[in-house]
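As C-alpha coordinates, the structure follows; a few thoughts come after it.
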2 protein chains.
Amino acid sequence: MEAVLSRKEQIEKTATALFKSKGFSATSMRDLANALGIEAASIYSHIKSKEEILQRVCFNMAREFFEAIDAVEAKEGNATDRLKRAIAAHVNVLTQNTEASAVFLHEWRHLSEPMHGTYLSLRDKYEARFREIIRSGMNNGEFTVPDEKFAALTILSSLNWIHTWYKPEGKMTPAEIAHNLTEMLLNGLTSSKQALHDTYSHLNTP
Amino acid sequence: MEAVLSRKEQIEKTATALFKSKGFSATSMRDLANALGIEAASIYSHIKSKEEILQRVCFNMAREFFEAIDAVEAKEGNATDRLKRAIAAHVNVLTQNTEASAVFLHEWRHLSEPMHGTYLSLRDKYEARFREIIRSGMNNGEFTVPDEKFAALTILSSLNWIHTWYKPEGKMTPAEIAHNLTEMLLNGLTSSKQALHDTYSHLNTP
DNA sequence: TAAATTTGCTAACGAACGTTAGGTTGCTTA
DNA sequence: TAAGCAACCTAACGTTCGTTAGCAAATTTA
(Lines give C-alpha, C1' and ligand atoms only; values in the text may rest on other atoms or scores of the structure.)
Protein backbone atom coordinates (compact mmCIF):
# COMPACT_ATOMS: atom_id res chain seq x y z
CA MET A 1 0.00 0.00 0.00
CA GLU A 2 1.74 3.12 -1.27
CA ALA A 3 1.13 6.30 0.62
CA VAL A 4 -0.37 9.02 -1.55
CA LEU A 5 1.84 12.05 -1.20
CA SER A 6 0.57 15.58 -1.58
CA ARG A 7 2.58 17.72 -3.97
CA LYS A 8 4.14 19.44 -1.00
CA GLU A 9 5.22 16.08 0.40
CA GLN A 10 6.65 15.07 -2.97
CA ILE A 11 8.67 18.27 -3.04
CA GLU A 12 9.88 17.61 0.48
CA LYS A 13 10.87 14.04 -0.34
CA THR A 14 12.72 14.98 -3.53
CA ALA A 15 14.44 17.87 -1.79
CA THR A 16 15.51 15.59 1.05
CA ALA A 17 17.25 13.24 -1.39
CA LEU A 18 19.03 16.16 -3.04
CA PHE A 19 19.98 17.75 0.27
CA LYS A 20 21.49 14.47 1.38
CA SER A 21 23.55 13.88 -1.74
CA LYS A 22 24.66 17.45 -2.57
CA GLY A 23 24.09 19.34 0.64
CA PHE A 24 21.55 22.09 1.29
CA SER A 25 23.59 25.00 -0.01
CA ALA A 26 24.76 23.24 -3.13
CA THR A 27 21.22 22.27 -4.05
CA SER A 28 19.51 24.98 -6.04
CA MET A 29 15.78 25.45 -6.43
CA ARG A 30 16.38 24.81 -10.14
CA ASP A 31 17.99 21.47 -9.29
CA LEU A 32 14.96 20.60 -7.24
CA ALA A 33 12.55 21.76 -9.92
CA ASN A 34 14.41 19.72 -12.51
CA ALA A 35 14.18 16.60 -10.38
CA LEU A 36 10.44 17.18 -10.09
CA GLY A 37 9.98 17.94 -13.78
CA ILE A 38 8.64 21.44 -13.25
CA GLU A 39 9.92 25.02 -13.21
CA ALA A 40 11.68 26.48 -10.17
CA ALA A 41 9.09 29.20 -9.72
CA SER A 42 6.30 26.62 -9.57
CA ILE A 43 7.66 25.23 -6.34
CA TYR A 44 6.64 28.44 -4.63
CA SER A 45 2.98 27.56 -5.10
CA HIS A 46 3.57 24.96 -2.39
CA ILE A 47 6.26 26.27 -0.07
CA LYS A 48 7.30 29.63 1.29
CA SER A 49 11.05 29.28 0.93
CA LYS A 50 13.91 26.88 0.41
CA GLU A 51 14.67 26.97 4.10
CA GLU A 52 11.12 26.00 4.98
CA ILE A 53 11.79 22.60 3.42
CA LEU A 54 14.88 22.14 5.54
CA GLN A 55 12.96 23.17 8.65
CA ARG A 56 10.21 20.67 7.99
CA VAL A 57 12.66 17.82 7.41
CA CYS A 58 14.73 18.62 10.49
CA PHE A 59 11.86 19.07 12.91
CA ASN A 60 9.86 16.15 11.59
CA MET A 61 12.86 13.93 12.25
CA ALA A 62 13.33 15.45 15.67
CA ARG A 63 9.73 14.56 16.46
CA GLU A 64 10.28 10.99 15.25
CA PHE A 65 13.31 10.53 17.47
CA PHE A 66 11.52 11.91 20.50
CA GLU A 67 8.45 9.77 19.95
CA ALA A 68 10.73 6.74 19.73
CA ILE A 69 12.59 7.48 22.96
CA ASP A 70 9.33 8.35 24.72
CA ALA A 71 7.97 4.93 23.82
CA VAL A 72 11.14 3.31 25.14
CA GLU A 73 10.86 5.00 28.48
CA ALA A 74 7.16 4.33 28.81
CA LYS A 75 8.12 0.76 29.67
CA GLU A 76 9.96 -0.08 32.88
CA GLY A 77 13.29 -1.85 32.97
CA ASN A 78 16.82 -1.64 34.28
CA ALA A 79 19.38 0.58 32.62
CA THR A 80 20.75 -2.15 30.37
CA ASP A 81 17.31 -2.99 29.16
CA ARG A 82 16.36 0.62 28.54
CA LEU A 83 19.61 1.34 26.75
CA LYS A 84 19.12 -1.67 24.48
CA ARG A 85 15.65 -0.52 23.61
CA ALA A 86 16.77 3.08 23.12
CA ILE A 87 19.44 1.93 20.69
CA ALA A 88 16.97 -0.25 18.81
CA ALA A 89 14.47 2.61 18.63
CA HIS A 90 17.08 5.03 17.37
CA VAL A 91 18.27 2.55 14.74
CA ASN A 92 14.70 2.00 13.64
CA VAL A 93 14.06 5.68 13.07
CA LEU A 94 17.38 6.06 11.23
CA THR A 95 16.90 3.09 8.93
CA GLN A 96 13.30 3.92 8.13
CA ASN A 97 14.26 7.46 7.09
CA THR A 98 17.80 7.25 5.80
CA GLU A 99 17.72 10.37 3.67
CA ALA A 100 15.83 12.55 6.10
CA SER A 101 18.15 11.34 8.85
CA ALA A 102 21.20 12.37 6.88
CA VAL A 103 19.73 15.82 6.36
CA PHE A 104 18.71 16.02 10.00
CA LEU A 105 22.22 15.14 11.13
CA HIS A 106 24.27 17.16 8.64
CA GLU A 107 22.32 20.11 7.28
CA TRP A 108 20.82 21.64 10.40
CA ARG A 109 23.49 24.31 10.57
CA HIS A 110 21.88 26.01 7.58
CA LEU A 111 18.82 26.76 9.66
CA SER A 112 18.63 30.42 10.55
CA GLU A 113 17.72 31.71 13.96
CA PRO A 114 15.65 31.02 15.93
CA MET A 115 15.28 27.56 14.38
CA HIS A 116 19.00 26.93 14.65
CA GLY A 117 18.92 27.47 18.38
CA THR A 118 15.76 25.43 18.77
CA TYR A 119 17.41 22.57 16.95
CA LEU A 120 20.45 22.62 19.20
CA SER A 121 18.40 22.63 22.37
CA LEU A 122 16.28 19.74 21.11
CA ARG A 123 19.41 17.80 20.29
CA ASP A 124 20.77 18.40 23.75
CA LYS A 125 17.48 17.26 25.31
CA TYR A 126 17.64 14.08 23.27
CA GLU A 127 21.23 13.39 24.26
CA ALA A 128 20.26 14.01 27.86
CA ARG A 129 17.81 11.10 27.68
CA PHE A 130 20.72 8.81 26.83
CA ARG A 131 22.89 10.38 29.49
CA GLU A 132 20.22 9.70 32.10
CA ILE A 133 19.96 6.04 31.19
CA ILE A 134 23.72 5.71 31.43
CA ARG A 135 23.86 7.59 34.71
CA SER A 136 21.22 5.37 36.29
CA GLY A 137 23.17 2.35 35.07
CA MET A 138 26.32 3.74 36.67
CA ASN A 139 24.56 4.41 39.94
CA ASN A 140 23.28 0.87 40.36
CA GLY A 141 26.46 -0.79 39.12
CA GLU A 142 25.22 -2.01 35.77
CA PHE A 143 27.66 0.14 33.83
CA THR A 144 31.24 1.14 34.42
CA VAL A 145 32.08 4.14 32.34
CA PRO A 146 34.63 6.93 32.72
CA ASP A 147 32.25 9.78 31.90
CA GLU A 148 28.53 9.64 31.31
CA LYS A 149 28.48 12.46 28.75
CA PHE A 150 31.38 10.95 26.90
CA ALA A 151 29.68 7.55 26.83
CA ALA A 152 26.42 9.01 25.51
CA LEU A 153 28.22 10.87 22.74
CA THR A 154 30.19 7.81 21.75
CA ILE A 155 27.08 5.67 21.56
CA LEU A 156 25.13 8.22 19.57
CA SER A 157 27.99 8.80 17.18
CA SER A 158 28.15 5.08 16.42
CA LEU A 159 24.44 5.07 15.74
CA ASN A 160 24.47 8.20 13.64
CA TRP A 161 26.98 6.85 11.16
CA ILE A 162 24.60 4.13 10.04
CA HIS A 163 22.86 6.27 7.45
CA THR A 164 26.08 6.51 5.45
CA TRP A 165 26.15 2.81 4.63
CA TYR A 166 22.73 1.34 5.41
CA LYS A 167 20.75 0.05 2.44
CA PRO A 168 17.32 -1.53 2.97
CA GLU A 169 18.31 -4.31 0.55
CA GLY A 170 21.57 -4.97 2.40
CA LYS A 171 22.29 -8.14 4.35
CA MET A 172 21.66 -6.68 7.81
CA THR A 173 18.15 -5.89 8.93
CA PRO A 174 17.59 -2.93 11.26
CA ALA A 175 16.99 -5.38 14.10
CA GLU A 176 20.31 -7.11 13.42
CA ILE A 177 22.11 -3.80 13.23
CA ALA A 178 20.66 -2.80 16.57
CA HIS A 179 21.58 -6.16 18.07
CA ASN A 180 25.16 -6.05 16.81
CA LEU A 181 25.60 -2.48 17.94
CA THR A 182 24.22 -3.24 21.37
CA GLU A 183 26.52 -6.23 21.65
CA MET A 184 29.57 -4.17 20.71
CA LEU A 185 28.72 -1.19 22.88
CA LEU A 186 27.71 -3.12 25.97
CA ASN A 187 30.32 -5.87 25.86
CA GLY A 188 33.11 -4.48 23.75
CA LEU A 189 35.28 -6.23 21.21
CA THR A 190 37.34 -8.37 23.53
CA SER A 191 36.33 -11.99 23.86
CA SER A 192 37.35 -12.43 27.46
CA LYS A 193 34.10 -11.40 29.10
CA GLN A 194 32.02 -14.08 27.47
CA ALA A 195 34.88 -16.53 27.93
CA LEU A 196 35.16 -15.64 31.59
CA HIS A 197 31.44 -15.95 31.98
CA ASP A 198 31.38 -19.33 30.25
CA THR A 199 34.28 -20.54 32.33
CA TYR A 200 33.01 -19.53 35.71
CA SER A 201 29.26 -19.31 35.43
CA HIS A 202 28.76 -22.72 37.07
CA LEU A 203 30.09 -21.14 40.24
CA ASN A 204 27.07 -18.88 40.24
CA THR A 205 24.46 -21.61 40.17
CA PRO A 206 22.16 -21.05 43.13
CA MET B 1 57.50 28.90 18.76
CA GLU B 2 54.85 30.05 16.34
CA ALA B 3 55.06 28.70 12.84
CA VAL B 4 55.38 31.42 10.22
CA LEU B 5 52.67 30.84 7.69
CA SER B 6 52.96 31.81 4.06
CA ARG B 7 50.06 33.81 2.72
CA LYS B 8 48.80 30.73 0.96
CA GLU B 9 48.84 28.82 4.23
CA GLN B 10 47.01 31.65 5.97
CA ILE B 11 44.33 31.52 3.30
CA GLU B 12 44.07 27.76 3.70
CA LYS B 13 43.79 28.01 7.45
CA THR B 14 41.16 30.75 7.38
CA ALA B 15 39.20 28.93 4.70
CA THR B 16 39.32 25.73 6.74
CA ALA B 17 37.72 27.47 9.70
CA LEU B 18 35.00 28.92 7.46
CA PHE B 19 34.40 25.63 5.66
CA LYS B 20 33.96 23.92 9.00
CA SER B 21 31.49 26.40 10.44
CA LYS B 22 29.46 27.27 7.34
CA GLY B 23 30.23 24.46 4.91
CA PHE B 24 32.14 24.66 1.64
CA SER B 25 29.25 25.71 -0.58
CA ALA B 26 27.89 28.28 1.82
CA THR B 27 31.29 29.92 2.17
CA SER B 28 31.87 32.50 -0.56
CA MET B 29 35.19 33.79 -1.72
CA ARG B 30 34.02 37.18 -0.46
CA ASP B 31 33.43 35.66 2.99
CA LEU B 32 36.94 34.32 2.92
CA ALA B 33 38.40 37.60 1.67
CA ASN B 34 36.54 39.46 4.37
CA ALA B 35 37.94 37.18 7.07
CA LEU B 36 41.42 37.84 5.69
CA GLY B 37 40.90 41.60 5.39
CA ILE B 38 41.46 41.70 1.65
CA GLU B 39 39.42 41.68 -1.57
CA ALA B 40 38.06 38.45 -3.05
CA ALA B 41 40.00 38.87 -6.28
CA SER B 42 43.27 39.16 -4.36
CA ILE B 43 42.97 35.57 -3.19
CA TYR B 44 43.58 34.43 -6.75
CA SER B 45 47.17 35.68 -6.58
CA HIS B 46 47.76 32.69 -4.30
CA ILE B 47 45.41 29.93 -5.35
CA LYS B 48 43.92 28.68 -8.59
CA SER B 49 40.37 28.11 -7.43
CA LYS B 50 38.10 27.71 -4.44
CA GLU B 51 38.13 23.99 -4.88
CA GLU B 52 41.91 23.87 -4.79
CA ILE B 53 41.72 24.92 -1.15
CA LEU B 54 39.33 22.10 -0.36
CA GLN B 55 41.56 19.62 -2.18
CA ARG B 56 44.60 20.69 -0.23
CA VAL B 57 42.82 20.42 3.10
CA CYS B 58 41.31 17.03 2.33
CA PHE B 59 44.42 15.39 0.97
CA ASN B 60 46.73 16.87 3.57
CA MET B 61 44.55 15.33 6.23
CA ALA B 62 44.44 12.04 4.38
CA ARG B 63 48.22 12.04 4.40
CA GLU B 64 48.28 12.76 8.14
CA PHE B 65 45.96 9.88 8.91
CA PHE B 66 47.97 7.47 6.78
CA GLU B 67 51.26 8.53 8.30
CA ALA B 68 49.76 7.94 11.73
CA ILE B 69 48.49 4.44 10.95
CA ASP B 70 51.75 3.58 9.21
CA ALA B 71 53.64 4.48 12.35
CA VAL B 72 51.28 2.32 14.39
CA GLU B 73 51.86 -0.72 12.25
CA ALA B 74 55.60 -0.23 12.08
CA LYS B 75 55.69 -1.59 15.63
CA GLU B 76 54.81 -5.21 16.38
CA GLY B 77 52.07 -6.21 18.79
CA ASN B 78 48.94 -8.29 19.12
CA ALA B 79 45.65 -7.07 17.71
CA THR B 80 44.51 -5.48 20.95
CA ASP B 81 47.73 -3.56 21.22
CA ARG B 82 47.68 -2.42 17.63
CA LEU B 83 44.02 -1.38 17.85
CA LYS B 84 44.73 0.63 20.97
CA ARG B 85 47.58 2.42 19.24
CA ALA B 86 45.58 2.96 16.06
CA ILE B 87 42.79 4.58 18.07
CA ALA B 88 45.26 6.77 19.92
CA ALA B 89 46.94 7.79 16.67
CA HIS B 90 43.63 8.62 15.03
CA VAL B 91 42.52 10.67 18.03
CA ASN B 92 45.83 12.52 17.98
CA VAL B 93 45.46 13.55 14.35
CA LEU B 94 41.85 14.58 14.95
CA THR B 95 42.51 16.66 18.03
CA GLN B 96 45.56 18.36 16.58
CA ASN B 97 43.62 19.46 13.51
CA THR B 98 40.03 19.85 14.63
CA GLU B 99 38.97 22.20 11.90
CA ALA B 100 40.75 20.47 9.04
CA SER B 101 39.40 17.17 10.33
CA ALA B 102 35.85 18.44 10.22
CA VAL B 103 36.34 19.62 6.65
CA PHE B 104 38.02 16.34 5.74
CA LEU B 105 35.11 14.35 7.17
CA HIS B 106 32.19 16.48 5.98
CA GLU B 107 33.08 18.51 2.90
CA TRP B 108 34.80 15.96 0.67
CA ARG B 109 31.67 15.43 -1.39
CA HIS B 110 32.20 18.85 -2.94
CA LEU B 111 35.37 17.62 -4.60
CA SER B 112 34.89 17.12 -8.30
CA GLU B 113 36.16 14.13 -10.22
CA PRO B 114 38.68 12.64 -10.23
CA MET B 115 39.50 13.94 -6.76
CA HIS B 116 36.19 12.75 -5.42
CA GLY B 117 36.90 9.18 -6.47
CA THR B 118 40.45 9.38 -5.21
CA TYR B 119 39.18 10.50 -1.83
CA LEU B 120 36.74 7.60 -1.58
CA SER B 121 39.35 5.01 -2.44
CA LEU B 122 41.76 6.48 0.10
CA ARG B 123 39.06 6.38 2.75
CA ASP B 124 38.36 2.76 1.95
CA LYS B 125 42.06 1.91 2.17
CA TYR B 126 42.23 3.56 5.56
CA GLU B 127 39.18 1.71 6.84
CA ALA B 128 40.71 -1.51 5.53
CA ARG B 129 43.65 -0.99 7.86
CA PHE B 130 41.26 -1.06 10.81
CA ARG B 131 39.38 -4.02 9.38
CA GLU B 132 42.61 -5.98 9.12
CA ILE B 133 43.51 -5.35 12.73
CA ILE B 134 40.07 -6.49 13.80
CA ARG B 135 40.19 -9.56 11.57
CA SER B 136 43.54 -10.66 12.96
CA GLY B 137 42.13 -10.20 16.45
CA MET B 138 39.15 -12.32 15.55
CA ASN B 139 41.34 -15.05 14.08
CA ASN B 140 43.45 -15.48 17.18
CA GLY B 141 40.57 -15.16 19.60
CA GLU B 142 41.34 -11.73 21.00
CA PHE B 143 38.12 -10.22 19.67
CA THR B 144 34.61 -11.54 19.37
CA VAL B 145 32.67 -9.45 16.93
CA PRO B 146 29.69 -10.16 14.71
CA ASP B 147 31.13 -8.59 11.56
CA GLU B 148 34.57 -7.14 10.99
CA LYS B 149 33.43 -4.40 8.62
CA PHE B 150 30.65 -3.44 10.95
CA ALA B 151 33.03 -3.25 13.88
CA ALA B 152 35.51 -1.09 11.98
CA LEU B 153 32.79 1.34 10.93
CA THR B 154 31.43 1.55 14.45
CA ILE B 155 34.84 2.28 15.90
CA LEU B 156 35.71 4.90 13.30
CA SER B 157 32.35 6.60 13.66
CA SER B 158 32.90 6.95 17.39
CA LEU B 159 36.28 8.50 16.74
CA ASN B 160 35.11 10.80 14.00
CA TRP B 161 32.54 12.50 16.18
CA ILE B 162 35.18 13.90 18.47
CA HIS B 163 35.81 16.99 16.40
CA THR B 164 32.29 18.20 17.11
CA TRP B 165 32.89 18.66 20.81
CA TYR B 166 36.66 18.57 21.43
CA LYS B 167 38.22 21.76 22.71
CA PRO B 168 41.96 21.92 23.41
CA GLU B 169 41.18 23.78 26.64
CA GLY B 170 38.60 21.17 27.71
CA LYS B 171 39.07 18.86 30.67
CA MET B 172 40.03 15.79 28.63
CA THR B 173 43.42 15.57 26.99
CA PRO B 174 43.73 13.71 23.68
CA ALA B 175 45.45 10.88 25.55
CA GLU B 176 42.57 10.63 28.01
CA ILE B 177 40.05 10.67 25.19
CA ALA B 178 41.89 7.86 23.46
CA HIS B 179 42.11 5.90 26.69
CA ASN B 180 38.43 6.29 27.50
CA LEU B 181 37.39 5.41 23.98
CA THR B 182 39.60 2.34 23.96
CA GLU B 183 38.15 1.27 27.30
CA MET B 184 34.59 1.67 26.05
CA LEU B 185 35.15 0.02 22.70
CA LEU B 186 37.19 -2.91 23.94
CA ASN B 187 35.34 -3.65 27.17
CA GLY B 188 31.93 -2.12 26.65
CA LEU B 189 29.74 -0.34 29.14
CA THR B 190 28.77 -3.24 31.33
CA SER B 191 30.63 -3.63 34.58
CA SER B 192 30.50 -7.40 34.73
CA LYS B 193 33.72 -8.19 32.90
CA GLN B 194 36.01 -6.45 35.36
CA ALA B 195 33.83 -7.68 38.20
CA LEU B 196 34.04 -11.24 36.93
CA HIS B 197 37.76 -10.91 36.48
CA ASP B 198 38.20 -9.49 39.98
CA THR B 199 36.04 -12.22 41.44
CA TYR B 200 37.61 -15.18 39.78
CA SER B 201 41.12 -14.18 38.82
CA HIS B 202 42.62 -16.05 41.82
CA LEU B 203 41.50 -19.24 40.13
CA ASN B 204 43.94 -18.48 37.36
CA THR B 205 47.04 -18.25 39.49
CA PRO B 206 49.60 -20.65 38.05
C1' DT C 1 -22.84 25.00 -12.99
C1' DA C 2 -20.36 28.36 -10.50
C1' DA C 3 -16.70 29.10 -7.28
C1' DA C 4 -12.64 27.82 -5.22
C1' DT C 5 -8.45 25.42 -5.06
C1' DT C 6 -4.45 23.20 -6.95
C1' DT C 7 -0.81 23.21 -10.01
C1' DG C 8 1.84 25.01 -13.23
C1' DC C 9 3.71 28.49 -16.58
C1' DT C 10 6.70 32.73 -18.50
C1' DA C 11 9.23 36.61 -17.45
C1' DA C 12 11.90 38.93 -14.71
C1' DC C 13 13.93 41.15 -10.33
C1' DG C 14 18.15 42.33 -7.76
C1' DA C 15 21.70 40.15 -5.44
C1' DA C 16 25.44 37.15 -5.04
C1' DC C 17 28.50 33.94 -7.16
C1' DG C 18 33.49 32.39 -8.84
C1' DT C 19 36.73 34.22 -11.57
C1' DT C 20 39.66 37.16 -14.92
C1' DA C 21 42.16 41.23 -16.64
C1' DG C 22 45.15 44.66 -15.94
C1' DG C 23 47.49 47.65 -13.02
C1' DT C 24 50.04 49.50 -8.63
C1' DT C 25 52.88 49.21 -4.58
C1' DG C 26 56.72 47.89 -1.89
C1' DC C 27 60.09 44.60 -0.59
C1' DT C 28 63.94 41.47 -1.86
C1' DT C 29 67.53 39.91 -4.58
C1' DA C 30 71.34 40.21 -8.26
C1' DT D 1 70.23 50.43 -8.99
C1' DA D 2 67.63 47.56 -11.78
C1' DA D 3 64.86 43.36 -12.01
C1' DG D 4 61.88 40.27 -10.03
C1' DC D 5 58.40 38.99 -7.18
C1' DA D 6 54.77 38.87 -3.68
C1' DA D 7 50.63 40.99 -2.43
C1' DC D 8 46.80 43.55 -3.25
C1' DC D 9 43.80 46.72 -5.74
C1' DT D 10 39.59 48.26 -8.91
C1' DA D 11 36.52 47.00 -12.34
C1' DA D 12 34.06 43.97 -14.49
C1' DC D 13 32.65 39.44 -16.86
C1' DG D 14 28.99 36.06 -17.44
C1' DT D 15 26.37 32.98 -14.63
C1' DT D 16 23.50 31.40 -11.19
C1' DC D 17 20.91 32.29 -7.12
C1' DG D 18 16.24 32.59 -4.43
C1' DT D 19 12.22 34.67 -5.15
C1' DT D 20 8.07 37.52 -6.93
C1' DA D 21 4.33 38.95 -10.12
C1' DG D 22 0.86 37.88 -12.96
C1' DC D 23 -1.60 34.68 -15.51
C1' DA D 24 -3.70 30.11 -17.32
C1' DA D 25 -5.41 25.55 -17.14
C1' DA D 26 -7.31 21.74 -14.76
C1' DT D 27 -9.48 19.71 -10.94
C1' DT D 28 -12.30 19.71 -6.84
C1' DT D 29 -15.90 21.48 -4.06
C1' DA D 30 -20.35 23.79 -3.13
Side-chain angles (χ1 to χ4, degrees), chain A residues 2-59 103 106-116, chain B residues 2-59 103 106-116:
Chain A
E2 282 289 308
V4 177
L5 300 182
S6 71
R7 203 64 174 122
K8 184 164 183 172
E9 287 166 334
Q10 287 176 43
I11 291 170
E12 210 171 296
K13 189 180 175 186
T14 307
T16 302
L18 287 172
F19 291 171
K20 175 180 181 176
S21 68
K22 311 180 57 168
F24 175 78
S25 289
T27 301
S28 73
M29 294 303 280
R30 285 164 180 87
D31 289 338
L32 175 54
N34 196 50
L36 289 160
I38 60 177
E39 293 296 318
S42 307
I43 300 173
Y44 288 85
S45 300
H46 306 276
I47 57 148
K48 289 215 300 276
S49 69
K50 184 186 177 186
E51 197 190 317
E52 191 207 4
I53 306 176
L54 181 62
Q55 287 169 13
R56 293 174 62 90
V57 176
C58 287
F59 290 102
V103 173
H106 284 63
E107 305 301 327
W108 55 269
R109 61 178 155 178
H110 298 108
L111 294 169
S112 55
E113 296 299 345
M115 296 303 203
H116 184 267
Chain B
E2 280 292 307
V4 177
L5 300 183
S6 71
R7 203 65 174 116
K8 184 164 182 171
E9 288 166 334
Q10 287 176 42
I11 290 170
E12 210 172 294
K13 188 180 176 185
T14 308
T16 301
L18 287 173
F19 291 170
K20 175 179 181 175
S21 70
K22 310 180 57 169
F24 175 77
S25 290
T27 302
S28 74
M29 293 303 279
R30 285 162 180 89
D31 288 338
L32 175 54
N34 196 49
L36 289 159
I38 61 178
E39 293 296 319
S42 307
I43 300 173
Y44 288 86
S45 301
H46 306 276
I47 57 150
K48 290 214 299 276
S49 68
K50 184 186 177 187
E51 197 189 316
E52 191 206 3
I53 306 175
L54 181 62
Q55 286 168 14
R56 293 173 63 89
V57 176
C58 286
F59 290 101
V103 173
H106 285 21
E107 306 300 327
W108 55 269
R109 61 176 156 182
H110 297 109
L111 294 169
S112 55
E113 296 299 346
M115 297 302 204
H116 183 266

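Every chain is numbered from 1 and lettered A, B, ... according to where its sequence line falls, protein lines coming before strand lines.
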Please report, rounded to the nearest Å, how far the [atom2] atom of [N] is from the [atom1] atom of [X].
| X | N | atom1 | atom2 | value |
| --- | --- | --- | --- | --- |
| A:K48 | D:dT20 | NZ | P | 11 Å |
| A:L32 | D:dT16 | CG | C1' | 16 Å |
| B:N34 | D:dC9 | CG | C1' | 16 Å |
| A:I11 | C:dG8 | CD1 | P | 7 Å |
| B:M29 | C:dT20 | CE | C1' | 13 Å |
| B:I47 | C:dT19 | CD1 | P | 7 Å |
| A:L54 | D:dG18 | CG | P | 13 Å |
| A:D31 | D:dT19 | CG | P | 14 Å |

Using a cut-off of less than 4.0 Å, is there contact between a side-chain N or O of [X] and OP1 or OP2 of [N]?
| X | N | answer |
| --- | --- | --- |
| B:Y44 | C:dT20 | no |
| B:S28 | C:dC17 | yes |
| B:S45 | D:dA6 | no |
| A:H46 | C:dT7 | yes |
| B:R30 | C:dT19 | no |

Problem - Donor-acceptor pair, side chain of B:K50 and main chain of B:S28, under 3.5 angstrom - result: no
Practice task
Taking atom NZ of B:K8 as the centre, report whether more than 12 heavy atoms of other residues, nucleotides or ligands fall under 6.0 Å from it.
Solution key: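 Atom NZ in B:K8 is crowded, with more than 12 foreign heavy atoms closer than 6.0 Å.
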Fill in the blank from the handout: Closest heavy-atom pair, B:E107 versus B:F24, reported as atoms and distance to 0.1 Å, is OE1-N, 3.1 Å
Handout entry: Nearest atoms (heavy-atom pairs only) where A:Y44 meets A:S49
Key = CE2-CA, 4.1 Å
Problem - First encountered from the 5' end of DNA chain D, between A:K50 and B:A41 - result: B:A41
With respect to the side chain of [X], which nucleotide from [options] is positioned closest?
| X | options | answer |
| --- | --- | --- |
| A:I38 | D:dC8, C:dC9, D:dG18 | C:dC9 |
| B:R7 | C:dT7, D:dA7, C:dT20 | D:dA7 |
| B:E39 | C:dG18, D:dC9, C:dT10 | D:dC9 |

Exercise for the section: Under 4.0 Å between any heavy atoms, over every strand shown, what does A:S6 touch: base, sugar-phosphate, or nothing? Just pick one. Expected result: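 Touches nothing.
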Exercise for the section: Indicate, with a heavy-atom threshold strictly under 4.0 Å, whether B:S25 touches base, sugar-phosphate, or nothing. Expected result: nothing
Practice task
Test side-chain contact (heavy atoms from CB on, under 4.5 Å) on A:R56 and A:E52 and set out the steps.
Solution key: CA-CA 6 Å; A:R56 293 174 62 90; A:E52 191 207 4; 4.1 Å; yes
